[in-house]
Structure formats: C-alpha cells, structure tokens
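Below is one structure, written out as structure tokens, with a few remarks after it.
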Amino acid sequence: MEKVVDEYYNYIEEAIEWISQFSIRKRIGHINLIEKFKTVLPEIDEGQIKDRMEKIIPLLLRMNVGLDVNTAGLRVDTCGKAYVP
C-alpha cells in the first residue's frame, strides 16, 4: 500500500501543477480520496499520508491553487471523515 499511496499523491501533485497553468479558477478537491475505503483495504500508514499531505500545502500555495473541502466522506461508512480532514 505504501507504493499505492505514493503513486496516488504523485498524481495529485501533478494535477496541481497542471491546473496551475490555466487562467481559470484553480481548485482541486478530494486530495485524500485514497482513504475512502480504508476500512476494507490493506492498512495504510497514517504517517505517510500526513507527510504527503503536508508537502501538498506549500505546493498549493506556490501554484496558487485552492483546495475544496467536501463532507461526503462523513456519510461513507468506510471513510468517516471529510475530504480533506
């Protein structure tokens, strides 16, 4: 799962860099969607996710990309938290 998490966040970072080149309202959402099914998937290291998400914040600022917060994960039994917590 460590490799899966890293690949997921690599794509999130690429998406942030890609969207930053457009002159539209720049936002990204669901950056922690990988955790949606955490109770039915092999264990994911919470520390790894925290580290990757902490690296994304400066990237968002540098690329001038906003972050959507969505509460749908609170209604999903396998998640139990917002996208982004």
Show me the donor-acceptor pairs, under 3.5 Å and distance only, between side chains in residues 11-23 and residues at least two apart or in other chains.
from: Glu13; atom 1: OE1; to: Arg52; atom 2: NH2; distance (Å): 3.4
from: Glu13; atom 1: OE2; to: Arg52; atom 2: NH2; distance (Å): 3.4
from: Ser20; atom 1: OG; to: Glu17; atom 2: O; distance (Å): 2.6
from: Gln21; atom 1: NE2; to: Trp18; atom 2: O; distance (Å): 3.0

Which residues satisfy the salt bridge (charged side-chain N to carboxylate O under 4.0 Å, His left out) test with [X], sequence neighbours excluded?
| X | result |
| --- | --- |
| Asp68 | Arg27 |
| Asp45 | none |
| Lys50 | Glu54 |
| Glu43 | none |

Atom [atom1] of [X] and atom [atom2] of [Y]: how far apart are they, to the nearest 0.5 Å?
| X | Y | atom1 | atom2 | answer |
| --- | --- | --- | --- | --- |
| Lys3 | Asn10 | NZ | CG | 13.0 Å |
| Met1 | Lys38 | CE | NZ | 12.5 Å |
| Leu67 | Leu61 | CG | CG | 10.0 Å |

Ile34 side chain near Val5 side chain, heavy-atom distance below 4.5 Å: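 Counting from C-beta outward, Ile34 and Val5 do come under 4.5 Å.
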Is it true that a side-chain atom of Tyr9 and a backbone atom of Ile56 form a donor plus acceptor pair closer than 3.5 Å?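 No.
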Is there a donor-acceptor contact under 3.5 Å from the side chain of Thr78 to the main chain of Lys36?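 The answer is yes, because a donor-acceptor pair under 3.5 Å joins these two groups.
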Hphob cluster co-occupancy, [X] + [Y], side-chain heavy atoms under 4.5 angstrom:
| X | Y | value |
| --- | --- | --- |
| Ile57 | Leu33 | no |
| Met63 | Val69 | no |
| Val4 | Ile31 | yes |

Please name the pair of heavy atoms, one in Gly73 and one in Cys79, separated by the smallest distance, quoted to 0.1 Å.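 Of all heavy-atom pairs spanning Gly73 and Cys79, the closest is O-CB, 3.7 Å.
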Which heavy-atom pair separates Glu35 from Lys81 by the least distance, and what is that distance?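 Result for this residue pair: OE1-NZ, 2.9 Å.
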Which ring pair (Phe, Tyr, Trp, His ring centres under 6.0 Å) pairs, counting each pair once, include a residue from residues 23-61, with sequence neighbours left out?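 Non-adjacent pairs meeting ring pair (Phe, Tyr, Trp, His ring centres under 6.0 Å): His30-Tyr83.
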